[in-house]
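Accompanying notes for the structure given below.
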Amino acid sequence: MEDWILERDFYLKGQMMRRTGKVRSRVVSGICGLSGVMMIGACSYFNPPPFSKNEIQWADRAILFRDVSHHMRSMEGQRVILGGKILSVKTADVRSLVFVREYPLNQDFRPDTDKPSMGDFAISTDQPLPPDRFRPGHTVEVIGEIRAPIRVEIGRNSVRTIPLVSARHIHGEAPPPPPDPMMMDPG
């Protein structure tokens, strides 16, 4: 009789071990899945899209820079999203003028500098522009309205007309983070 009780106890312990093993594997897979979702969310947290969904809906995504550059006068008042690399920044008392070499935007609304540029444009804004973000060579994205084209001197004897965008929202590339002091060479 005692053998039967021992066998039953051994059998029940085996069943419990199997059940706790299944529960444990479910918990571990749940934790792994949750950490994966958090890592994906963290990537979008550290590199968020430059514009909100409402701002993107405000602009006409069908208008490309080539349309704007070829039909500057007829495009006045159109709402666009453009981007590129900053060529120069001129700051006056209240307004700033940012000259940009246009590059097509990728699906995240960031300039794709590997593709060819279609020309230059200027951004007019009354928003404060932090100098560490808005400097030559940094990328910039803008949502705004096309305004009357402006004439720009290039060199001493050359003048060009380029499109002007009045910024509703402008986003400049963040500067690189400072180096980690623990990783620096001591001397």
Side-chain angles (χ1 to χ4, degrees), residues 40-156 158-180:
I40 290 171
C43 289
S44 66
Y45 175 75
F46 291 117
N47 193 13
F51 307 115
S52 69
K53 289 182 181 178
N54 289 338
E55 289 174 319
I56 293 169
Q57 289 173 350
W58 178 82
D60 185 352
R61 289 287 298 137
I63 299 175
L64 302 175
F65 180 76
R66 69 169 179 248
D67 303 327
V68 174
S69 64
H70 292 339
H71 310 288
M72 288 184 225
R73 291 272 181 214
S74 64
M75 287 289 182
E76 284 184 46
Q78 295 293 321
R79 301 169 176 174
V80 295
I81 302 176
L82 297 175
K85 273 198 174 185
I86 298 174
L87 299 173
S88 67
V89 179
K90 291 185 180 177
T91 305
D93 293 335
V94 180
R95 296 200 70 76
S96 296
L97 203 57
V98 181
F99 293 95
V100 180
R101 168 91 12 97
E102 181 275 340
Y103 285 99
L105 299 175
N106 63 18
Q107 64 188 16
D108 296 327
F109 301 102
R110 305 227 186 263
D112 188 354
T113 56
D114 294 333
K115 294 187 178 175
S117 171
M118 297 292 289
D120 300 338
F121 68 97
I123 302 169
S124 171
T125 182
D126 57 359
Q127 301 172 21
L129 300 178
D132 61 336
R133 284 183 173 258
F134 295 91
R135 60 174 30 166
H138 279 218
T139 59
V140 65
E141 302 89 23
V142 65
I143 287 185
E145 286 188 31
I146 303 294
R147 296 291 179 212
I150 61 172
R151 295 172 56 90
V152 179
E153 271 190 51
I154 300 174
R156 293 185 181 163
S158 180
V159 176
R160 243 174 66 202
T161 304
I162 62 172
L164 175 67
V165 178
S166 178
R168 176 177 181 174
H169 182 167
I170 186 168
H171 179 266
E173 174 184 353
D180 184 8

_Nearest 0.5 Å, please: how far is CZ in R61 from CD1 in I56?_
7.5 Å
*Under the side-chain contact (heavy atoms from CB on, under 4.5 Å) rule, what do L97 and L164 come out as? Steps first, then yes or no, please.*
CA-CA 9 Å; L97 203 57; L164 175 67; 3.9 Å; yes
_Could you walk me through whether R66 and V68 satisfy the side-chain contact (heavy atoms from CB on, under 4.5 Å) test, starting with their C-alpha distance in whole Å, then the side-chain angles of each, then the deciding distance to 0.1 Å, before giving a yes or no?_
CA-CA 5 Å; R66 69 169 179 248; V68 174; over 6 Å; no
*Are P163 and F65 side-chain neighbours, meaning at least one heavy-atom pair lies under 4.5 Å?*
yes
*Please examine the side chains of R135 and V89, heavy atoms only from C-beta on, and report whether any two atoms are closer than 4.5 Å.*
no
*Which pair of heavy atoms, one from P136 and one from S88, lies closest together, and at what distance?*
CG-CA, 4.3 Å
*State, yes or no, whether a side-chain contact exists between E76 and P149 at a heavy-atom distance under 4.5 Å.*
yes
*Could you list the residues that satisfy side-chain contact (heavy atoms from CB on, under 4.5 Å) with S74, not counting sequence neighbours?*
H71
*From NE2 (H171) to CZ (F109), nearest 0.5 Å*: 13.0 Å
*Hey, what do you get for OG (S52) to NE2 (H169), rounding to the nearest 0.5 Å?*
8.0 Å
*Any chance you could measure I123, atom CD1, to I143, atom CD1, to the nearest 0.5 Å?*
11.5 Å
*Between D120 and R101, is the closest basic N to carboxylate O distance under 4.0 Å?*
yes
_With a 4.5 Å cut-off on side-chain heavy atoms, are Y103 and T139 touching?_
no
_Side chains of P104 and E102 in contact at under 4.5 Å (non-hydrogen atoms)_ = yes
*Run the side-chain contact (heavy atoms from CB on, under 4.5 Å) check on V140 and K85 step by step: do they pass?*
CA-CA 6 Å; V140 65; K85 273 198 174 185; over 6 Å; no
*Kindly indicate whether the side chain of D67, heavy atoms from C-beta on, has any atom under 4.5 Å from the side chain of M75.*
yes
*Atom CD1 in I170, atom CZ in R133: separation rounded to 0.5 Å?*
11.5 Å
*Determine the minimum heavy-atom distance between T91 and S96, stating which atoms define it.*
CG2-OG, 3.6 Å
*Does a side-chain heavy-atom distance below 4.5 Å link L129 with V98?*
yes
*Atom CD in E141, atom CD1 in I81: separation rounded to 0.5 Å?*
10.0 Å
_Taking CD in E153 as the centre, count heavy atoms belonging to other residues, nucleotides or ligands within less than 6.0 Å. Is the count above 12?_
no
*Do the side chains of R110 and L105 get nearer than 4.5 Å, heavy atoms only?*
no
*Search all heavy atoms of A167 against all heavy atoms of T125 and return the closest pair with its distance.*
CB-CB, 4.0 Å
_Ignoring hydrogens, what is the shortest heavy-atom contact between G83 and P111? Give both atom names and the distance._
C-CG, 4.0 Å
*Carefully, step by step, assess I162 and F99 under the rule side-chain contact (heavy atoms from CB on, under 4.5 Å).*
CA-CA 10 Å; I162 62 172; F99 293 95; 4.0 Å; yes
*For residues S124 and R95, is any side-chain donor paired with an opposing acceptor at under 3.5 Å?*
yes
